[in-house]
Amino acid sequence: MAALNSILFFFLSALAVVSAILMVTRRNIVHGAVYLITTLLATAGIFLLLQAEFLFVVQVILYVGGIMVLFVFVIMLVNLDVSLLRFQFNGQRFVAGVLALALSAQVFLAIWMGRNSLHLPEPAASIAAKNTEAVGDALFQRFMLPFEIASILLLVAMIGAVVMAKRRV
Amino acid sequence: MGHLIPQSIVPYVIPVICAVVIVAVLPLLAGYIVLMERKVMADMQARLGPMRVGPHGLLQPIADAVKLLLKEDIIPEKADLLLFWFAPLLSVTMALVAYAALPIGPAFQIADLNIGLLFILAVSALGIYGIVFGGWASNSHYSLLGALRSAAQLVSYETAAGLGLISALLLAGSLSMKEIVMAQYDQGVWFIWYVPIGFFIYLVGSIAETNRAPFDLPEAESELVAGYMTEYSGFRWSLYFLAEYANMIIVAGIATTLFLGGWLRPFVSFHDHLPGTSVELLDALPSLLVLGVALYCFYLAPKQPVKIQKLFMGAVGGLCFLLAAILAGALFAPAPVQQGIHGAFWFMAKVFGYLYLFLWFRFTFPRYRFDQLMRLGWRFLIPLSLVNLITLAVALLLTREWGWNLRLTTILSAGVTLGVAALLLKEDDAGSQMQTADGE
Amino acid sequence: MNATIPTDYYLWLSLALFTIGVIGVLTRRNVIIILMVFSRMWGSVDGQVFAIFVITDAAAEAAVGLGIILAFFRNRETLLADEMDMLKW
């Protein structure tokens with residue numbers, strides 16, 4: 001069983017990384033969106049491996065089933081064929097690549113050097129069957145204020161999006 | 001037997017058998033639901049429906065399947081091949097994966113997930129991409145418009161349907177499908193009697209979710225040709241088709257589990273026994289019903305004009321008689337067997353009843369125009385479902401904290417919700433009249 | 001059951017996804033892709049309740065960002081970041 005766990009983890013993380021790279025490099029935007037969906041699903045699978053089943057399902061319903069549908073809609077409504085012919089990467093690409101790799105190397109060093117002193121919580125050793133109930137308890141008791149603030153944030157975002165996308169007749 | 005199967009595989013044997021049964025039976029079932037639809041449509045239009053292929057048209061689905069498999073696979077010129085191939089596959093895979101959490105009987109469930117209901121909703125949300133990418137990949141205006149309209153409709157009604165489901169979830173207290181049915185068993189009554197408005201919201205939402213009439217603008221023949229399915233032919237089209245009917249059965253299964261008691265019989269808490277035996281009275285109901293159908297077939301058999309139809313009616317009657325005998329025999333079998341067989345019978349009966357509602361609405365109501373459809377979803381159903389949730393929460397508070405009778409409080413909450421619904425409808429009428437006066 | 005995968009592996013995965021995100025944001029021209037990739041950078045944080053809030057925020061930001069892109073597209077008919085230079089001197 002532990003072997004199955006490792007296999008799944010490496011498969012899902014490889015899928016996530018490969019899909020992310022493909023998403024960033026595709027010429028066709030719709031293909032990029034497909035690879036983003038794959039990345040999100042792989043990440044959701046990793047959540048499931050960490051026994052965070054509520055987070056898995058929330059990611060699939062909201063992120064993949066909601067936000068990405070929104071993205072795909074906008075892509076299909078504004079897609080210009082002419083943009084497919086022009087070069088996809090801007091003039092800064094080399095500098096940007098070098099800087100990004102430098103940033104990543106710094107974070108890598110930070111994690112590597114501190115890996116013994118960083119007390120990360122161990123993942124749950126057994127299947128936490130009450131995960132959804134635990135998350136619900138946390139959200140409505142300990143994290144009540146952030147929950148309410150998040151709902152106001154969503155309301156504001158909804159109003160803002162409607163106002164900006166409305167056609168001024 | 002235990003030492004023939006390695007110990008690590010034993011927990012997986014039953015789910016795999018269930019999965020194989022479901023995947024094998026489903027295409028046949030979908031085909032016969034199409035036949036049922038055509039027969040019901042014919043009956044409501046005072047005609048007979050398919051009668052040629054096989055006795056009473058019963059081999060029609062098989063003829064259709066063979067035709068679809070032999071058709072030429074036409075791919076449009078500048079179609080996006082990756083997505084064109086992938087889209088129907090995505091639709092049908094998601095439709096089939098959703099069956100993993102559906103409880104057909106107490107032991108006939110592939111996986112009793114703790115978040116079963118959310119899992120099915122998540123997988124249905126993924127099925128939207130099959131539609132969107134199919135329409136895009138066809139490189140055709142009709143397909144793209146149909147796909148976008150269909151996806152917009154699905155996303156809008158998904159919210160309303162989910163809120164309708166939550167009203168039953170408040171009563172059940174768990175997301176696990178099996179727990180929801182057991183909660184109905186413990187409370188002794190189907191949840192539809194407590195939250196009929198939630199059931200209505202879910203009914204309308206599920207009709208829109210599966211692109212069925214009166215919400216079938218994206219795929220009606222006289223509108224956008226066939227919407228996202230226009231450029232698909234042969235086997236690819238049959239995959240979309242299978243996905244649509246599998247979705248219908250899933251949605252009926254969810255409604256059955258949450259509102260209609262799943263595999264439970266109608267009067268769950270009526271435990272009177274036949275005198276002298278341990279058989280409960282109402283458990284004899286299934287076999288009596290099927291026996292009635294068998295007797296009706298035998299009654300109709302001599303009246304058929306043609307000999308082969310006489311034989312056919314006789315054969316159907318015989319099959320029903322056999323089914324009634326199995327159901328009656330199960331009464332005297334050990335409890336798991338009885339629960340399994342009777343549970344499957346009641347579940348399928350309720351699913352077919354719900355699907356009959358779908359078919360009935362298809363041939364009764366005129367089609368909604370797209371803006372009317374969106375207005376109905378956003379300005380009527382979502383506010384109604386929110387108000388329903390609030391009133392139900394108040395009702396549950398009154399019951400659980402202050403001990404009022406649950407039936408009384410749910411009737412009060414339903415009354416308040418209906419009042420709000422009337423207000424919403426009145427305001428909407430004024431709104432739509434203003435729209436048409438502007439010449440829109 | 002999870003004892004065989006050390007927790008740092010998840011950190012390395014997060015780092016890899018974040019890096020790809022940064023490269024994507026800095027180098028692509030099409031703003032929709034930039035927005036998509038930007039949202040992917042948030043996918044690499046830890047802590048369940050925190051992750052739920054991150055998803056909520058990503059949803060809000062995606063909605064508003066797409067609204068801005070639509071409004072911009074309606075005015076200027078372009079989706080390339082190079083051509084969105086109306087604030088330049």
Side-chain angles (χ1 to χ4, degrees), chain A residues 1-4 22 26-38 40-41 44-45 47-48 51-79 81 84 127-136 154 158 162 165 169, chain B residues 7-8 11-12 78 80-84 86-87 90 94 97 101 111-133 135-137 139 141 143-145 147-156 158-159 162 169 173-176 179 228 378 438 440:
Chain A
M1 274 309 110
L4 185 62
L22 281 175
R26 289 304 94 193
R27 176 174 297 258
N28 188 342
I29 318 178
V30 179
H31 286 185
V34 172
Y35 290 121
L36 179 56
I37 292 172
T38 323
L40 289 169
L41 286 176
F47 285 147
L48 195 60
Q51 272 117 32
E53 54 188 19
F54 184 66
L55 201 53
F56 156 72
V57 108
V58 158
Q59 169 119 337
V60 174
I61 295 183
L62 289 188
Y63 225 130
V64 183
I67 301 175
M68 283 313 298
V69 172
L70 184 59
F71 263 109
V72 166
F73 256 82
V74 171
I75 291 175
M76 292 181 182
L77 285 175
V78 305
N79 197 38
D81 290 320
L84 284 179
I127 299 182
K130 294 287 177 185
N131 175 262
T132 311
E133 284 88 337
V135 171
L154 282 174
M158 196 155 60
V162 166
V169 179
Chain B
Q7 202 49 36
S8 55
Y12 297 119
K78 292 213 186 75
D80 189 341
L81 283 176
L82 171 71
L83 287 177
F84 195 80
F86 183 62
L90 185 64
M94 290 306 143
V97 163
D112 182 24
L113 299 169
N114 196 26
I115 42 164
L117 185 65
L118 280 185
F119 176 77
I120 300 184
L121 287 180
V123 166
S124 308
L126 283 179
I128 298 180
Y129 285 111
I131 296 177
V132 167
F133 290 139
W136 169 262
N139 197 29
H141 297 289
S143 304
L144 185 60
L145 276 180
L148 289 180
R149 278 185 176 178
S150 182
Q153 172 187 327
L154 258 56
V155 163
S156 316
E158 203 173 62
T159 316
L169 277 179
S174 165
L175 283 169
S176 154
E179 287 290 316
Y228 61 95
W378 287 99
D438 271 349
E440 201 191 54

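Chain letters run A, B, ... following the sequence lines, proteins first and then strands; every chain starts at 1. Reckoned from all heavy atoms, side chains included, excluding hydrogens, waters and symmetry mates.
Remark: B:Ser174 engages no residue in a side-chain hydrogen bond (donor to acceptor under 3.5 Å, both in side chains) (not counting sequence neighbours). Qualifying side-chain hydrogen bond (donor to acceptor under 3.5 Å, both in side chains) partners for B:Ser124, counting only residues two or more places apart in sequence or in other chains: none.
Two residues are said to be in side-chain contact when any heavy atoms from C-beta on lie closer than 4.5 Å; A:Phe54 and A:Glu133 fail this criterion. Looking at heavy atoms from C-beta onward, B:Glu158 lies in side-chain contact with B:Ile128 at the 4.5 angstrom threshold.
The part of B:Leu144 that comes within reach of chain A is its side chain, from C-beta onward, which places non-hydrogen atoms under 4.5 angstrom from that chain. No part of B:Leu113 comes within reach of chain A, as not one of its non-hydrogen atoms sits under 4.5 angstrom from that chain. A:Val72 touches chain B through its side chain: at least one heavy atom from C-beta onward sits under 4.5 Å away, while N, CA, C and O do not. Looking at B:Ala137, there are no atoms closer than 4.5 Å to chain A (heavy atoms on both sides), in backbone or side chain. Of the atoms belonging to B:Leu126, it is side-chain heavy atoms, and not backbone ones, that fall under 4.5 Å from chain A. Looking at A:Leu41, the atoms closer than 4.5 Å to chain B (heavy atoms on both sides) all sit in the side chain, from C-beta outward. Both the backbone and the side chain of B:Val132 come within less than 4.5 Å of a heavy atom in chain A.
Closest heavy-atom contact between B:Ile115 and A:Glu53: CD1-O, 3.6 Å. Of all the heavy atoms in A:Gly45 and A:Phe56, the pair that sits closest is N-CD1, 4.4 Å.
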